Amino acid sequence: MKPTTLLVSALAAVASAAPTSAAEKRTSFDLNSFNNFGFANQDLQYLLAINGFNLQAFAQLGAFNNLNIGGFESLFNNNVFDINALLQLQQIALLAELGGLGIFGNFDLSSLQLNVFDLGLINGVGGFDISAIIDQSLAPQIETVIQQTDITTVVI
């Protein structure tokens, strides 16, 4: 059995045993500090557009499950497209998908450690600018895809 299947099965079993009381908002945060969950970087915004990440579910994990999403603030505000940004985007995508499935229920996620992926001695590779290898002649096409995609507004 694949490790991801084991993880999802374990989380599903725990989630099904969780209390089912109505969710209540535990914390609040300023959507403006997250650029209203729109990426300042065009390439990250493009990845959001073509993958349709459920940022509403991600924001709800922050509001209702105490997930500390503050560490992702710079991802939305900085115009940087490097390996570290991709790793953070992957974490957001995974958490948003699991949150959208309801796996976390009413669990308190405040102790969940995020953005602790340590590249150790090769830490410099995390800052590799991926946008340097993207053909700039594609920028108009990328912008067209972004504009044609309905990106949902996040409301908490």
Side-chain angles (χ1 to χ4, degrees), residues 1-131 146 149-156:
M1 198 181 290
K2 292 183 180 179
T4 53
T5 306
L6 289 172
L7 176 65
V8 171
S9 299
L11 287 174
V14 171
S16 65
T20 59
S21 62
E24 59 184 55
K25 197 171 187 179
R26 298 178 183 178
T27 188
S28 63
F29 49 89
D30 182 15
L31 291 177
N32 290 326
S33 66
F34 289 89
N35 196 25
N36 291 315
F37 287 98
F39 294 102
N41 180 276
Q42 182 185 37
D43 296 316
L44 289 173
Q45 191 70 19
Y46 171 75
L47 292 176
L48 171 64
I50 63 170
N51 290 291
F53 299 132
N54 186 353
L55 296 181
Q56 179 72 40
F58 178 70
Q60 287 177 341
L61 289 175
F64 294 97
N65 295 85
N66 288 335
L67 179 65
N68 181 10
I69 64 172
F72 295 102
E73 189 175 325
S74 63
L75 183 65
F76 292 97
N77 292 311
N78 295 341
N79 191 9
V80 177
F81 188 51
D82 59 11
I83 292 176
N84 289 327
L86 280 178
L87 290 172
Q88 284 186 317
L89 184 63
Q90 177 60 38
Q91 286 182 339
I92 289 173
L94 178 62
L95 289 168
E97 186 67 27
L98 294 175
L101 292 172
I103 289 178
F104 296 118
N106 289 329
F107 285 109
D108 184 357
L109 300 176
S110 61
S111 62
L112 189 62
Q113 297 287 324
L114 298 173
N115 295 326
V116 292
F117 189 74
D118 186 4
L119 295 172
L121 295 174
I122 60 168
N123 195 37
V125 76
F128 176 74
D129 183 18
I130 298 171
S131 61
I146 293 170
T149 305
D150 181 33
I151 298 175
T152 309
T153 303
V154 173
V155 179
I156 297 293

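In this chain, residues are counted from 1 in sequence order. This structure is a prediction, so every number in the text was calculated from the model and none was measured.
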Mind listing the side-chain donor-acceptor pairs of residues 86-100 below 3.5 Å, one per line with the distance, residues two or more places apart or on another chain?
| from | atom 1 | to | atom 2 | distance (Å) |
| --- | --- | --- | --- | --- |
| Q88 | NE2 | G71 | O | 3.3 |
| Q88 | NE2 | N115 | OD1 | 3.4 |
| Q91 | OE1 | N115 | N | 3.4 |

Minimal non-hydrogen separation, N77 against S33, with atom names:
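For N77 versus S33, the nearest heavy atoms are ND2-O, 2.7 Å.
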
Please enumerate all residues that pass side-chain contact (heavy atoms from CB on, under 4.5 Å) together with N41, with sequence neighbours excluded.
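side-chain contact (heavy atoms from CB on, under 4.5 Å) check on N41 returns D43, L44, N79, F81.
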
If you round to the nearest 0.5 Å, how far is CD1 of I103 from CG of L61?
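Answer rounded to 0.5 Å: 10.5 Å.
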
CG/L67 to CG/L109 distance, rounded to the nearest 0.5 angstrom?
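The distance works out to 5.5 Å.
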
Evaluate side-chain contact (heavy atoms from CB on, under 4.5 Å) for L114 paired with N68, printing each intermediate quantity in order.
CA-CA 8 Å; L114 298 173; N68 181 10; over 6 Å; no

Which residue pairs satisfy the ring pair (Phe, Tyr, Trp, His ring centres under 6.0 Å) criterion with at least one member in residues 40-60, sequence neighbours excluded?
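Every pair satisfying ring pair (Phe, Tyr, Trp, His ring centres under 6.0 Å) with a residue in residues 40-60: F58-F72.
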
State which residues pass side-chain hydrogen bond (donor to acceptor under 3.5 Å, both in side chains) with S110; sequence neighbours excluded, sorted by chain then number.
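With sequence neighbours excluded, S110 shows a side-chain hydrogen bond (donor to acceptor under 3.5 Å, both in side chains) to D108, given in chain and number order.
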
For D129, which residues count as a side-chain hydrogen bond (donor to acceptor under 3.5 Å, both in side chains) partner, sequence neighbours excluded?
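side-chain hydrogen bond (donor to acceptor under 3.5 Å, both in side chains) check on D129 returns S131.
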
Holding to ring pair (Phe, Tyr, Trp, His ring centres under 6.0 Å), I want the full list of residues that pass it with F39, two or more places apart in sequence or in another chain.
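For F39 the ring pair (Phe, Tyr, Trp, His ring centres under 6.0 Å) partners, ignoring immediate neighbours, are F76.
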
Checking ring-ring contact (aromatic ring centres under 6.0 Å, His included) for the pair F34/F37: CA distance, chi angles, key distance, verdict?
CA-CA 5 Å; F34 289 89; F37 287 98; 5.2 Å; yes

Kindly indicate whether the side chain of L48, heavy atoms from C-beta on, has any atom under 4.5 Å from the side chain of L55.
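A side-chain contact under 4.5 Å exists here.
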
